[in-house]
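Contents: one structure, followed by commentary.
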Amino acid sequence: MARFIDELKRTHYCNALRAADERREVVLFGWVASYRDHGGCVFVDLRDREGITQIVFDPDLSGHGEAPRQAHEIARALRSEWVIGVRGVVVSRGANTNPRLPTGEIEVHAVEVTVFNKSETPPFEIADDLDTGEEKRLQYRYLDLRRAPFQRTLRVRHRINQVVRRYFDEQGFLELETPILVKYTPGGARNFLVPARTAAGKFYALAESPQLFKQLYMVAGFDRYFQIVKCFRDEALRLDRQPEFTQIDVEMSFVNQDDVFGVMEGMIVKVWKEVLGVDLTTLYPDGRFPRMPFEEAMGTYGNDKPDLRFGLPHAELTDLVVDHGGGGVPFWKPIAEKFASGAYRRDLPAEIVKVLRVPAELASQLSRTEVDKLEDFVKGMGAKGLARAKVEGGGAWVQSPLAKTITPELRAAITARAGAGDGDLLLFQFGREAVVQTVMANLRLHLGKRLGLIPESGHGGRWNFLWVVNPPLFEYDDEAGRWVAAHHAFTRPHDDCVELLDTDPGKVLCWRYDLVLNGFEIGGGSIRLHDPAVQARVFRALGISDEEAHRKFGFLLDALRLGAPPHGGIAVGMDRLAMLLSGAESLRDVIPFPKTQKGTDLMTDAPNVVSPEQLAELNIRVVQPS
RNA sequence: GGGGUGGUAGUUAAGUUGGUUAUAACGCCGGCCUGUCACGCCGGAGGCCGCGGGUUCGAGUCCCGUCCACCCCGCCA
């Protein structure tokens with residue numbers, strides 16, 4: 001029988017002891033966070049998941065026989081990250097308190113110590129503040145996770161999970177599971193494929209979301225479903241995207257959009273209250289979050305997830321430019337002409353003109369050199385350039401290539417549209433709509449950070465929630481030359497738009513919604529299409545034949561004809577929620593074992609090559625990558 | 001698929017116009033030290049300068065290629 005663990009059980013975690021515990025005999029287990037050998041005494045900071053306690057090894061500690069002397073001998077050899085157990089007595093530090101530790105008013109005088117395990121010198125220090133690069137930390141992730149910031153972050157995840165589960169249970173939701181190995185369904189995110197050994201040449205897909213199954217739960221009558229569930233998407237990664245991530249997935253029957261919003265707003269308020277101690281109802285007194293039509297988000301902010309912690313809105317100028325026939329600006333003339341001739345239509349992707357106004361008091365913070373750098377910034381995003389103009393008192397434009405040729409009429413119209421006055425800086429983008437929107441949205445964010453309107457990362461103590469609502473059901477695919485589903489083909493169109501399905505699909509709005517927080521999409525969902533007749537018209541608008549629809553989604557179409565209740569739902573990105581709650585800079589900082597941007601795991605070296613035998617069993621032949 | 005930034009000791013970084021033995025801090029190892037808590041003092045070890053090729057009398061430095069990590073665009077209903 002080992003003395004420690006078998007006989008001496010841990011009595012406390014390392015943040016538990018206070019002055020009131022004076023003279024108590026305790027047993028602590030943990031890691032050597034640091035050691036200071038003074039020849040006579042050895043001081044060890046002992047760390048476990050809860051905190052740090054200072055242990056003193058004094059060979060002359062009286063009243064315990066020879067044991068303290070032996071413990072001191074062992075302690076002299078201790079090194080960083082050795083795993084040890086200590087039996088000792090709590091002693092008050094009196095006036096010698098360490099104010100930097102919650103346990104700073106006490107220390108444990110060691111009577112007995114055991115080394116459970118030595119440690120090699122770790123590749124980096126297990127410290128709260130660390131300048132070691134992420135690559136190294138990912139390679140030794142378990143050491144990174146041993147650090148207090150990660151211990152806190154993963155605890156936040158735990159709290160979110162607990163609060164969410166309790167909330168939905170109280171609201172009458174059932175936590176139901178859905179398959180991970182599913183049938184591949186086309187459209188949307190790329191699926192990871194899993195070879196089916198028992199069905200030669202066939203594949204499962206890893207579920208990109210439980211979407212179809214949660215709808216089937218509604219058809220099955222479960223009425224209110226939720227799940228905290230892993231999803232998998234084989235797409236390019238970003239700081240807010242991982243190939244494997246967790247969603248808080250929700251679906252409800254007999255509800256409209258307001259019902260879904262109400263439930264989710266309740267969840268968010270509860271999470272903020274219980275995890276952060278922040279009462280969102282001081283910001284949103286009725287507990288409801290503001291809403292913005294998709295069209296306004298795109299027009300004013302250039303994307304569907306605007307960060308409303310700051311202003312710097314865009315203004316659309318395309319109609320002004322067209323009305324003025326280009327207004328003397330050489331680049332704009334062809335755009336105006338194409339609209340005039342009908343080559344461009346306002347309901348199809350075309351070229352557009354937008355402006356961003358930087359108010360004088362902010363513009364004065366930007367030197368001309370810095371504005372030149374902005375041009376490099378936007379070029380990196382596909383822009384051809386960054387036309388600018390400084391507005392002077394009389395409405396004149398200076399420092400601008402546009403100023404030379406633009407007609408006074410168009411200049412005045414733009415100045416008025418942008419609401420520009422003396423000293424304001426106008427930044428223009430024109431060209432293909434998708435590029436202009438991307439560039440302008442990113443330019444706005446970039447300026448917001450540069451001008452100190454929002455921090456480089458993190459929430460800055462500000463929580464701006466927003467529902468983006470009423471987007472179009474379809475979007476035009478330039479390359480394919482046809483309409484495609486903007487969300488998925490099972491989103492319910494607005495009733496007053498159903499007639500447009502056949503005549504003017506671009507104008508069909510739908511019951512889809514995104515929940516946005518500080519410029520991050522943290523959730524999205526829709527009211528589903530449960531009417532087979534309307535469903536058929538949607539497929540027709542998409543150019544999907546009955547036969548094709550049945551082959552791809554047959555089981556769901558069958559279900560919709562067998563008593564499907566009206567239903568809708570939403571999925572919230574649990575990792576993003578944790579990231580924003582904890583002020584982390586990246587999803588990788590809130591996911592215990594994340595992948596790199598290329599989808600590799602630097603610790604385990606996944607994905608890896610498998611043996612020819614394994615491949616043969618799966619009937620797979622690997623072609624050398626080109 | 002495209003654009004950008006970076007890779008030098010265990011870690012983080014410096015390294016001039018191409019020129020002697022590639023620096024520093026922290027960490028590590030040895031010694032000393034009874035009150036430290038970023039302990040202190042003395043001494044020491046430690047390098048495939050990401051990898052491959054080229055230019056050159058000579059390359060961490062210049063050129064070409066390549067790998068890895070990060071950020072962005074495309075992509076992500």
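Nothing here was measured: the structure is a model prediction, and the numbers come from that model. Note on naming: letters A, B, ... go to the chains in the order of the sequence lines (proteins, then strands), and numbering restarts at 1 for each one.
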OP1, OP2 of [N] versus side-chain N and O of [X]: anything below 4.0 Å?
| X | N | result |
| --- | --- | --- |
| A:Thr596 | B:A69 | yes |
| A:Gln597 | B:C71 | yes |
| A:Arg588 | B:C71 | yes |

Quiz question: going by heavy-atom distance under 3.5 Å, is there a donor-acceptor pair between the base of [N] and the side chain of [X]?
| X | N | value |
| --- | --- | --- |
| A:Arg241 | B:C76 | yes |
| A:Arg79 | B:G30 | no |
| A:Arg36 | B:U34 | no |
| A:Glu107 | B:G35 | yes |
| A:Arg233 | B:C75 | no |

Could you tell me the Watson-Crick or G-U partner of [N], where both distances fall under 3.5 Å? Say none if there is no partner.
| N | value |
| --- | --- |
| B:G40 | B:C32 |
| B:U20 | none |
| B:U5 | B:A69 |

Could you list the donor-acceptor pairs under 3.5 angstrom formed between side-chain atoms of residues 182-192 of chain A and any protein atom two or more places apart in sequence or on another chain?
| residue | atom | partner | partner atom | Å |
| --- | --- | --- | --- | --- |
| A:Lys183 | NZ | A:Arg551 | O | 3.2 |
| A:Arg190 | NH1 | A:Asp234 | O | 3.1 |
| A:Asn191 | ND2 | A:Leu206 | O | 3.1 |

Any residue in residues 95-104 of chain A with a heavy atom nearer than 4.0 angstrom to RNA chain B? Just list them by number, or reply none. A:Asn96, A:Asn98, A:Arg100

Measure from CD on A:Glu125 to P on B:C28 and round the result to the nearest Å. 8 Å

What is the distance, to the nearest angstrom, from the CG atom on A:Leu602 to the P atom on B:C67?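 A:Leu602 atom CG is separated from B:C67 atom P by 16 Å.
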
What distance, rounded to whole Å, do you find between the two [atom1] atoms, one in [N] and one in [M]?
| N | M | atom1 | answer |
| --- | --- | --- | --- |
| B:A59 | B:U8 | C1' | 14 Å |
| B:G74 | B:C68 | P | 24 Å |
| B:A9 | B:U55 | P | 28 Å |
| B:U12 | B:C70 | P | 15 Å |

Note: for A:Asp45 and A:Lys379 on RNA chain B, the residue whose nearest nucleotide lies more 5' is A:Lys379

